[in-house]
K.L.:
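Can you keep this structure in mind? I'll have questions shortly.
Keep in mind it's a predicted model, so treat the numbers as computed, not measured.
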Amino acid sequence: MKTHRPQRPSRRLGILVGAVSAALALTACSGGGSEASGDGTLTIGAATNLQTLDPQMAAVAQEYYVNPVFDTLIHAQPDGTFEPGLAEEWEIVDPVTFELTVRPDVVFSDGEPMDTDAVVANFERGMGMEASPSAAFYSNIAGVEAVDDSTVRLTLSEPTTDMLSQLSRLPGMMMSPASFEANPETTPIGAGGWTYDAAASNAGEVQVYRANPDYWDTDRVGVDTVEIRALEDASAATNAVLDGQVDVIEMRSEADRSTLDNGSLQLIERANANVYYVQIMDTDGTLIEPMGDERVRRALNLAIDRESVMKGLQFGQGDPSPSFWLEETPYYDEDLEDLAYDPEEARDLLAEAGYADGFSVTFPSFGAITEVAESVQQMWGEIGVEVTIDQVEPGTLADVMRNGTTAMAVTLARGFTAESHYDERHAPGSPYDPLGTDRGDVAELADIALNAETEEGQAEGWRDVYSYLIEQGYLMVVAHQIPVVVAAEHVSGAELSPSDNLPKPYDITLD
């Protein structure tokens, strides 16, 4: 089925809180450290320092440094849908064949054509880079070819529903092939809205980008200059946006909200959340016999008071839905709201299953996750289930969850897609299935999603997978952590797509 989504006006997400003071509206930090007065310089404070400007060697945490230079084949929207980018059309020919229609008459900033040969060259380069952080994506490409002057065909080894998401991120960023043999780590050449100004940039401090007059969609370039400043210290980032030294930062902690929600800044939320949840490795009672009973697992889910977690641990922010996916996403299932907090029904289900006096479980935990685990400990204790929390060394929780002796744990999912999270965490035989336990119909449901030949069919398939995981009690949501960026009032058009921790500079203007 051919998919062609016309461009639409940018939609702004977020909460505008009050009006900014005149002093804040007139201040932004320029590349030379002087103050700008609405001069078209957008300054962004980033949580990590620059490592590379080569998109095929950049990790996800580096995306904001390469976004200005490199446009993507497909553009992700805040609501989880996709629109044309450097590819003006795409087609899911079958589950392992994907075709792109390349936008005509686009050039890289070095004047070279951004054509089908360039697209093929980019994929071939990525497929040959074993050290690339995107290696898992490239390893699933069995072949790439230019079918004609406008069409590129990707042949995959295995079906995937992540293709559109991937092509809206690092693997979809097209580089000028003429730059491959130069030094793309420090001299990037793309087809994006800005070019990199190495002379004005300072390692470890600020990276500077200038508007590209040859960008194919100049209406999306609303500022002359983009600066990305490394502000790894959370307090420094908060102070910088409060003082007007930068225009945009990522809010690092909900504890900062009371300071930043001061009537003179915008708080802009991402539609898809990070999720704290209880992951059940022992889905059939191999280690803890009661866990093999669906009624027990449902009781544990019903005993989680998400409203209280949101109020007590998240300063009233977040979302108390039992669904892994929130309402603004394509995978949300409103029927899962039936799993809202109901301790009385939870006790009845435990009694019906023969565990009126409860039973005992152990959670491994560490660091900030312990606070969430302790909340579950308290809530499950109220229905007679005794939870022991075993502190493990930082960085070892994943290993402990996969060691074959751990029945369940509270964990955090962030920066995921429906397919990637399922493959890693919930698929039979996945790293988090060390016991090889019975996972019911989940694999069959995932196959339906993976082999769907339309975007709508894929979304419906993954909705069914996650609804099944939650209804069966293999996955129990505790809290949704809503990613937030903070922007000065004079910033217009900033929004977050599902993979963004900071907004891309496209469509942003300064009032």
Side-chain angles (χ1 to χ4, degrees), residues 30-32 41-44 46-73 85-86 102 106-139 141 144 152 166-216 221 224-232 502 504-506:
S30 68
T41 298
L42 172 69
T43 308
I44 299 171
T48 60
N49 206 343
L50 174 67
Q51 301 299 318
T52 179
L53 289 165
D54 181 342
Q56 292 179 344
M57 288 303 296
V60 170
Q62 294 282 297
E63 273 187 292
Y64 32 71
Y65 284 110
V66 291
N67 278 327
V69 175
F70 298 101
D71 200 356
T72 52
L73 289 163
L86 295 174
V102 178
V106 176
V107 295
F108 293 103
S109 61
D110 62 359
E112 293 294 314
M114 209 309 293
D115 55 14
T116 55
D117 289 340
V119 174
V120 170
N122 270 266
F123 282 118
E124 288 179 339
R125 180 177 186 261
M127 291 162 65
M129 300 179 72
E130 295 182 2
S132 170
S134 300
F137 167 80
Y138 291 118
S139 67
I141 300 177
V144 56
V152 172
Q166 292 284 359
L167 296 185
S168 72
R169 304 184 70 181
L170 292 163
M173 294 182 179
M174 294 293 103
M175 308 166 59
S176 171
S179 72
F180 290 175
E181 301 304 320
N183 190 358
E185 291 196 351
T186 58
T187 311
I189 304 296
W194 293 263
T195 60
Y196 181 60
D197 187 342
S201 301
N202 295 311
E205 296 181 9
V206 62
Q207 309 306 318
V208 181
Y209 310 81
R210 310 295 184 187
N212 176 11
D214 297 322
Y215 182 53
W216 67 272
V221 179
D224 297 325
T225 302
V226 175
E227 295 180 356
I228 303 179
R229 292 185 168 269
L231 297 172
E232 297 180 86
L502 284 166
K504 298 178 179 68
Y506 297 93

K.L.:
For the atom pair CG (D224) and CG (L42), what is the distance rounded to the nearest 0.5 Å?
P.N.:
11.0 Å
K.L.:
Locate the shortest heavy-atom distance separating A200 from V208; write the atom from each residue and the value.
P.N.:
O-CG2, 3.5 Å
K.L.:
Check whether any side-chain N or O of N202 sits under 3.5 Å from a backbone N or O of E205 as a donor-acceptor pair, and report yes or no.
P.N.:
no
K.L.:
Please name all residues satisfying side-chain hydrogen bond (donor to acceptor under 3.5 Å, both in side chains) with T186, sequence neighbours left out, ordered by chain then number.
P.N.:
N183
K.L.:
Quick one: do S176 and D110 satisfy side-chain hydrogen bond (donor to acceptor under 3.5 Å, both in side chains)? Show the steps, please.
P.N.:
CA-CA 8 Å; S176 171; D110 62 359; 2.7 Å; yes
K.L.:
Are any of the side-chain heavy atoms of Y196 and S109 separated by less than 4.5 Å?
P.N.:
no
K.L.:
What is the ring orientation for Y138 with F123, classed by angle as parallel under 30°, tilted 30 to 60°, or perpendicular over 60°?
P.N.:
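Perpendicular.
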K.L.:
What do the steps show when you test M175 against I189 for side-chain contact (heavy atoms from CB on, under 4.5 Å), and what is the final call?
P.N.:
CA-CA 6 Å; M175 308 166 59; I189 304 296; over 6 Å; no
K.L.:
For residues P68 and I228, report the shortest heavy-atom separation together with the two atoms involved.
P.N.:
CG-CD1, 4.4 Å
K.L.:
Could I get the full list of side-chain hydrogen bond (donor to acceptor under 3.5 Å, both in side chains) partners for N49, not counting sequence neighbours?
P.N.:
none
K.L.:
Hey, could you give me the OG1/CE distance between T72 and M174, rounded to the nearest 0.5 Å?
P.N.:
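The CE atom of M174 is 9.0 Å from OG1 of T72, to the nearest 0.5 Å.
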K.L.:
Will you find, in the side chains of Y65 and T48, an N or O donor that is under 3.5 Å from an N or O acceptor?
P.N.:
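Judged by distance alone, the side chains do not pair up.
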K.L.:
Under 3.5 Å, is there a donor-acceptor pair between the D71 and Y506 side chains?
P.N.:
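There is no such pair (donor and acceptor under 3.5 Å, judged by atom type) between the side chains of D71 and Y506.
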K.L.:
Could you walk me through whether L53 and V69 pass the side-chain contact (heavy atoms from CB on, under 4.5 Å) test, one step at a time?
P.N.:
CA-CA 9 Å; L53 289 165; V69 175; 5.7 Å; no
K.L.:
Atom CG in L167, atom CE in M173: separation rounded to 0.5 Å?
P.N.:
11.5 Å
K.L.:
If you take all heavy atoms of P113 and A118, which pair is closest and at what distance?
P.N.:
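Where P113 meets A118 most closely, the heavy atoms are O-CB, 3.8 Å.
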K.L.:
Contact between V66 and L170 at the side-chain level, heavy atoms closer than 4.5 Å - yes or no?
P.N.:
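Yes, close enough: below the 4.5 Å cut-off.
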K.L.:
What is the distance from atom CD of Q207 to atom CD1 of I44, rounded to the nearest 0.5 Å?
P.N.:
12.5 Å
K.L.:
Give the minimum heavy-atom separation between A46 and L502, together with the two atoms involved.
P.N.:
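Result for this residue pair: CA-CD1, 4.1 Å.
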K.L.:
Can you confirm whether E112 sits close enough to P177 that some side-chain heavy atom of one is under 4.5 Å from a side-chain heavy atom of the other?
P.N.:
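No. Closest side-chain heavy atoms not under 4.5 Å.
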K.L.:
Looking at I141 and M127, what are the two nearest heavy atoms and their distance?
P.N.:
O-CE, 3.5 Å
K.L.:
Measuring from M114:CE to D214:CG, what's the distance to the nearest 0.5 Å?
P.N.:
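Here the interatomic distance stands at 14.0 Å.
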K.L.:
For the OH atom of Y215 and the OG1 atom of T195, what is their distance to the nearest 0.5 Å?
P.N.:
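Y215 OH to T195 OG1: 13.5 Å, rounded to 0.5 Å.
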K.L.:
On a heavy-atom basis, which atom in R169 and which in V60 lie closest, and how many Å separate them?
P.N.:
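Looking at all heavy atoms of both residues, the closest pair is NH2-CG1, 3.1 Å.
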K.L.:
Taking side chain to side chain donor-acceptor pair (under 3.5 Å) as the cut-off, I'd like each qualifying pair that reaches into residues 115-132, sequence neighbours left out, listed once.
P.N.:
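Counting only pairs at least two positions apart or across chains, the side chain to side chain donor-acceptor pair (under 3.5 Å) contacts touching residues 115-132 are D54-R125, Q56-R125.
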